[in-house]
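In the text below, chain A, chain B and the rest are named by the order of the sequence lines, each starting its count at 1.
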There are 2 protein chains.
Amino acid sequence: MPPSDTETARARLLDASEELFYSRGIQTVGMDDIRSAAGLPLKRVYALYPTKSRLVEAYLERRDIRWRARIAEAVSSEPDPRERVLALFDRLGDWFREPGFRGCAWINGFGELGAVSEPMVRQARAHKQAFADYVAGLVADAGLPDSLAPQLVLLAEGAMVSAAIFGTDAPARQARDAAAALVASAAGADSRPRGFRSPGGGDTVGHEHR
Amino acid sequence: MPPSDTETARARLLDASEELFYSRGIQTVGMDDIRSAAGLPLKRVYALYPTKSRLVEAYLERRDIRWRARIAEAVSSEPDPRERVLALFDRLGDWFREPGFRGCAWINGFGELGAVSEPMVRQARAHKQAFADYVAGLVADAGLPDSLAPQLVLLAEGAMVSAAIFGTDAPARQARDAAAALVASAAGADSRPRGFRSPGGGDTVGHEHR
DNA sequence: CTCGGTCGAGAACGAGCGTTCTCCGATAGC
DNA sequence: GCTATCGGAGAACGCTCGTTCTCGACCGAG
């Protein structure tokens with residue numbers, strides 16, 4: 001199965017869309033900007049996605065998959081489950097330092113269109129829910145209490161927002177430090193050192209997210 | 001000094017602007033929507049603010065003052081300085097439950113216009129910096145270590161974002177719990193019980209925020 | 001060679017919006 | 001009472017943008 005012409009066109013279109021939508025916002029970017037960046041005739045663009053909204057949807061869907069995969073890949077290279085929880089924040093720091101970083105595409109998209117576009121709200125919720133589920137898996141795998149997961153998520157979301165607005169990566173470190181304190185405190189609250197939790201209290205490995 | 005006609009007009013204009021800009025976003029709202037909501041002739045609107053950008057600026061400036069005042073007022077009613085730190089998150093919860101809550105106006109505005117409007121970036125930074133300074137004051141007044149403040153800020157920002165996207169107030173409680181754990185952990189790290197810190201370590205009252 | 005169909009390039013259309021302009025009625029001064 | 005000024009209501013202008021339409025070049029089939 002060769003990369004049929006329409007599939008490479010689709011890829012070029014989504015590449016251009018992501019580049020433009022992420023860096024300049026959704027409403028600011030016109031279909032003509034995308035057409036010229038993708039080097040595709042407008043007809044072709046509309047043949048692939050019948051409206052701008054559908055194109056935005058496709059952009060966010062592809063970015064969601066890639067973004068979560070990149071996070072998970074970097075985090076999973078850390079062998080110790082409890083260190084993995086903190087590695088998440090290191091990975092966020094890497095992301096913040098990337099040139100062109102401009103915050104979370106879903107937080108930004110929600111701010112831009114959340115009030116007027118139900119699909120945008122759904123996408124933002126789906127992405128954030130998937131992220132929260134992923135963090136919950138990390139927390140469970142580390143044998144930490146469930147209640148820790150949403151707290152770590154708040155730190156991560158806050159770090160994304162602050163890093164974007166101030167244009168600095170410092171929030172990653174701050175969030176990591178806070179997370180470490182919460183992890184230590186939660187682990188201590190068990191009043192049992194690591195590795196001595198009773199096995200019936202909940203599975204600690206092999207969490208599938210969602 | 002009677003409320004000169006132009007001042008009541010300005011108030012009505014800013015009221016309408018805030019209502020519309022906050023609930024529907026900035027780009028989505030047209031000057032005509034504002035004009036009709038304010039019940040003012042367009043000429044009058046442009047006499048008060050020569051461009052839409054200036055009107056947006058004025059809207060954010062007034063909201064900034066009010067928002068921070070409301071937070072500070074609610075928080076300051078808590079007598080104990082360490083409890084005040086946590087009361088901040090209770091106050092956020094009240095805000096999240098207000099009808100029409102749609103997240104932080106500056107986070108949303110940054111998501112919408114941060115890429116294309118330098119004034120919007122400046123306003124977002126100024127507001128977030130002022131909030132961070134305020135939290136730093138609370139932390140200092142409670143005799144807690146400086147490094148705690150940005151961590152609490154991240155929790156607050158994350159809570160605002162999550163509450164907005166999911167339309168629930170749960171993040172306030174989660175953030176409060178996390179903040180309590182961080183406060184306890186930070187206070188414990190002093191390895192001194194409350195009230196026994198050496199008086200030379202830093203002023204603990206009367207912090208001016210800036 | 002000719003014809004039919006496909007596809008690319010860009011013009012065109014219709015709506016929305018920020019901003020300005022026109023007109024008209026009311027009012028104050030003489 | 002008459003005129004000059006002001007302010008209100010909304011039309012108009014110029015531009016952008018999402019979407020559609022037109023036209024002409026290319027290409028395989030007969």
Handout entry: Nearest to side-chain heavy atoms of A:K52, which nucleotide of D:dT19, C:dT19, C:dA9
Key =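 From the listed options, D:dT19 comes nearest.
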Handout entry: Closest to side chain of B:P41, choosing from C:dG8, D:dT19, D:dG8
Key =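 The closest nucleotide is D:dG8.
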Output the rounded distance in Å from [atom1] ([X]) to [atom2] ([N]).
X: B:Y46; N: D:dC13; atom1: OH; atom2: C1'; value: 13 Å
X: B:F21; N: C:dG18; atom1: CZ; atom2: C1'; value: 11 Å
X: A:L48; N: C:dG8; atom1: CG; atom2: P; value: 10 Å
X: A:R54; N: D:dT19; atom1: CZ; atom2: P; value: 11 Å
X: A:M31; N: C:dA9; atom1: CE; atom2: P; value: 16 Å
X: A:L40; N: C:dG10; atom1: CG; atom2: P; value: 13 Å
X: B:D32; N: D:dA11; atom1: CG; atom2: C1'; value: 11 Å

Practice task
Please state whether the base of C:dG8 and the side chain of A:K43 form at least one donor-acceptor pair under 3.5 Å?
Solution key: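 Side chain to base: pair present.
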Handout entry: Side chain to side chain, A:Y49 and A:R10, heavy atoms closer than 4.5 Å
Key =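 Yes, their side chains come closer than 4.5 Å.
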Practice task
Evaluate the ring planes of A:F21 and A:Y59, with Trp represented by its six-membered ring, and classify them as parallel (under 30°), tilted (30 to 60°) or perpendicular (over 60°).
Solution key: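 Tilted.
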Practice task
Assign A:V29 to base, sugar-phosphate, or nothing according to its heavy-atom contacts below 4.0 angstrom with the strands shown.
Solution key: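 Sugar-phosphate only.
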Practice task
Using the six-membered ring of A:Y22, assess whether NZ or CZ of A:R63 lies under 6.0 Å from its centre and within 45 degrees of the ring axis.
Solution key: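 Yes.
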Practice task
With DNA chain C as reference, determine whether A:R44 or B:L42 sits nearer its 5' end, using the nearest nucleotide of each.
Solution key: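 Closer to the 5' end of DNA chain C: A:R44.
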Exercise for the section: Decide, yes or no, whether a salt bridge links A:E73 with A:R84 under the criterion of side-chain N to carboxylate O below 4.0 Å. Expected result: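 No.
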